[in-house]
Every structure is written in C-alpha cells, then in structure tokens.
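This report refers to the structure that appears directly beneath it.
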Amino acid sequence: FVHQPTWPKRLLYTIQAIICSFTLTIGSFAFLWAGPHTFDRFLAQIQQQLFSFDIFLNAFSSWKISFYEANLIGLVLFGICFCYALRLSSRNFSSLLKACWITMFALLALSVTTVEPWYLIWPFMLAILVPQIEVSLAAILLAYAGTLAGIVHQYIDPGEQLPSNLYLIQSVVYLTFFPLPMLLLIVLGLWHIFLRLLPLRNQIKRGSITTEK
C-alpha cells in the first residue's frame with residue numbers, strides 16, 4: 001500500500017487485495033459449505049483454553065489475574081507486535097515475509113486461547129521463506145517444542161488430570177513452546193543492533209581522535 005505512488009492507485013490496490021482475500025476465503029470453504037453450521041467447529045474451538053498465554057498468566061499469578069484480564073493483556077501485547085510487523089512489512093518483500101512470521105508467532109504466543117501442538121507448524125512454514133538465521137532457528141525450536149508437548153504432559157501427570165493441577169500442567173507446556181524461541185529472537189536481535197551500531201561507534205571514536213589532533 002505505501003509503495004503505491006498515488007492515492008487512486010493505493011485505493012485500487014486496496015480494493016484488489018480485499019477481492020483477492022475474499023475470493024480465497026470463499027474458495028477455501030466452498031467445498032465444505034454447510035450453511036451457518038460450517039463455522040460451528042471454529043466457534044467451539046475458540047471457546048476452549050489449551051496451552052495458551054492466558055492460562056500461563058493466570059497460573060503464574062496464582063490465579064490473581066483472571067482469564068479475561070490475561071486474555072486482554074495478551075491482545076495488547078499482540079497489538080504491539082502487529083504494529084511493529086505492519087511497519088516492518090512496508091520496507092521490502094523480505095521484510096514483509098518476516099513481518100508475516102512475527103504476526104503468526106505472536107498470534108500463537110499471545111493472542112489465541114487454544115494452541116494445539118500442530119499449530120506450531122504454521123510459523124515454521126513461513127520461516128522457510130525468511131532468509132534470516134534467527135527466524136529459522138526460532139522456528140526450528142518452536143516446531144521441536146511442539147513434538148515435546150505430549151511428553152511433557154505425560155511426564156508431569158501420567159495419570160488422570162486433576163482440576164487442581166490442570167492449568168499448571170498447561171502452563172508448563174506453554175513454557176516449553178514459546179520462551180526459548182522468544183529469548184533467541186531477542187538475543188540475536190540485540191546482537192544485530194550491536195553489530196550495526198559498532199561501525200558508528202568506531203567512526204565517532206576516530207572522529208574524536210582526529211579532532212583532538
């Protein structure tokens with residue numbers, strides 16, 4: 001949108017994007033259409049809570065933060081990530097792909113109330129298109145963590161799940177999924193910033209030496 005030279009072209013681009021998205025959505029559901037009941041499974045799924053940020057925050061706060069409040073905090077954090085991804089996407093095509101990956105990762109880590117292990121395949125598939133090592137490593141960690149979900153689940157509670165420890169178990173699985181990829185992205189992101197600032201620091205230092213001479 002921002003790369004279009006004039007407002008009429010921006011408007012035309014927006015209309016074309018809406019039509020393409022709408023057509024793709026219709027095409028995805030056309031062969032499965034069963035009237036309003038088509039969305040029953042989706043509506044039921046989003047009412048569930050599994051391995052999500054709101055469960056983790058609720059358990060981590062010793063149930064002082066309600067599920068509603070935790071979900072609201074997650075939405076705000078996701079909104080911040082989305083705004084950053086939106087700004088990033090305007091640079092070039094490679095940045096657009098990275099922004100899509102960040103959006104998908106943040107959606108699963110912060111916003112949705114149900115995270116099934118196979119959902120972690122989605123950001124992994126996007127990461128293949130992003131030519132940055134930190135994104136690839138984070139996606140590999142995320143996909144690998146998804147394979148451990150069942151093991152962690154059974155190791156903590158091999159028997160019947162009791163209501164008293166159910167959310168605690170889900171919180172531990174959430175911690176298995178997301179913190180390591182997040183930490184990796186933060187550390188490598190800060191490292192790249194440091195490498196970009198290092199030449200500037202050296203130039204300033206050389207400039208100060210020249211001035212003193």
Side-chain angles (χ1 to χ4, degrees), residues 42 44-85 88 98-130 132-194:
F42 168 74
Q45 186 78 359
I46 61 176
Q47 298 302 318
Q48 300 177 14
Q49 290 177 316
L50 182 69
F51 309 147
S52 59
F53 177 75
D54 55 341
I55 287 179
F56 162 72
L57 199 58
N58 177 262
F60 183 76
S61 65
S62 300
W63 296 274
K64 294 178 181 178
I65 300 177
S66 67
F67 286 120
Y68 174 78
E69 293 170 338
N71 186 245
L72 191 60
I73 293 172
L75 286 173
V76 171
L77 294 175
F78 170 73
I80 294 172
C81 293
F82 182 77
C83 289
Y84 169 73
L88 181 67
K98 184 177 180 180
C100 291
W101 185 86
I102 291 173
T103 301
M104 178 60 69
F105 180 86
L107 179 71
L108 295 176
L110 301 170
S111 182
V112 297
T113 57
T114 297
V115 182
E116 299 284 1
W118 55 87
Y119 292 1
L120 306 183
I121 297 174
W122 304 339
F124 181 80
M125 298 302 292
L126 277 171
I128 295 173
L129 304 175
V130 182
Q132 291 188 359
I133 187 65
E134 63 267 25
V135 173
S136 300
L137 290 175
I140 290 171
L141 275 177
L142 195 61
Y144 180 66
T147 66
L148 299 178
I151 299 174
V152 173
H153 196 288
Q154 293 300 320
Y155 179 79
I156 295 177
D157 187 5
E160 293 292 329
Q161 293 180 2
L162 300 176
S164 60
N165 66 359
L166 176 60
Y167 291 140
L168 178 61
I169 294 170
Q170 293 197 28
S171 298
V172 173
V173 175
Y174 177 87
L175 288 173
T176 305
F177 283 167
F178 297 109
L180 277 179
M182 285 182 183
L183 182 62
L184 179 67
L185 287 173
I186 292 172
V187 170
L188 290 179
L190 292 174
W191 177 250
H192 285 312
I193 293 174
F194 172 76

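- In terms of heavy atoms, Ile102 sits closest to Cys81 at CG2-O, 4.3 Å.
- For the pair Leu126/Val130, no side-chain contact is recorded, criterion being any heavy-atom separation below 4.5 Å from C-beta on.
- By the ring-ring contact (aromatic ring centres under 6.0 Å, His included) test, Phe67 pairs with Tyr167, sequence neighbours left out.
- The two residues Leu88 and Ala99 make their nearest non-hydrogen contact at CD2-N, 4.1 Å.
- Of the possible polar contacts, none joining the Ser52 side chain to the Thr114 backbone as a donor-acceptor pair under 3.5 Å is found.
- Qualifying side-chain hydrogen bond (donor to acceptor under 3.5 Å, both in side chains) partners for Asn58, counting only residues two or more places apart in sequence or in other chains: Trp63.
- Residues Lys98 and Glu134 are in side-chain contact: their nearest non-hydrogen atoms beyond the backbone lie under 4.5 Å apart.
- Rounded to the nearest 0.5 Å, atoms CG (Leu184) and CG (Leu137) are 5.5 Å apart.
- The nearest pair of heavy atoms linking Trp101 to Ala138 is CH2-CB, 3.9 Å.
- Rounding to the nearest 0.5 Å gives a distance of 10.0 Å between CZ of Phe53 and CG of Leu75.
- Using a 4.5 Å heavy-atom cutoff, the side chains of Phe78 and Leu107 are in contact.
- The two atoms that bring Ala139 and Ala127 nearest to each other are CB-CB, 3.4 Å, heavy atoms only.
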Item checked: Pair Phe178-Val115, side-chain contact (heavy atoms from CB on, under 4.5 Å): steps then yes or no -> CA-CA 11 Å; Phe178 297 109; Val115 182; 4.1 Å; yes
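- We find the CG-CD distance between Asn71 and Gln49 to be 8.0 Å, quoted to the nearest 0.5 Å.
- Residues meeting the ring-ring contact (aromatic ring centres under 6.0 Å, His included) test with Phe56, sequence neighbours left out: Phe60, Tyr174.
- Atom CG of residue Leu120 and atom CG of residue Leu141 lie 11.5 Å apart, to the nearest 0.5 angstrom.
- Contact annotation: the side chain of Ile73 approaches that of Leu77 to within less than 4.5 Å [non-hydrogen atoms, C-beta and beyond].
- Distance CG/Leu142 to CG/Leu185: 9.5 Å, rounded to 0.5 Å.
- The heavy-atom pair separating Thr113 from Gln48 by the smallest distance is OG1-O, 3.0 Å.
- Nearest approach of Phe124 to Ala143, heavy atoms of both residues: CD1-CB, 4.0 Å.
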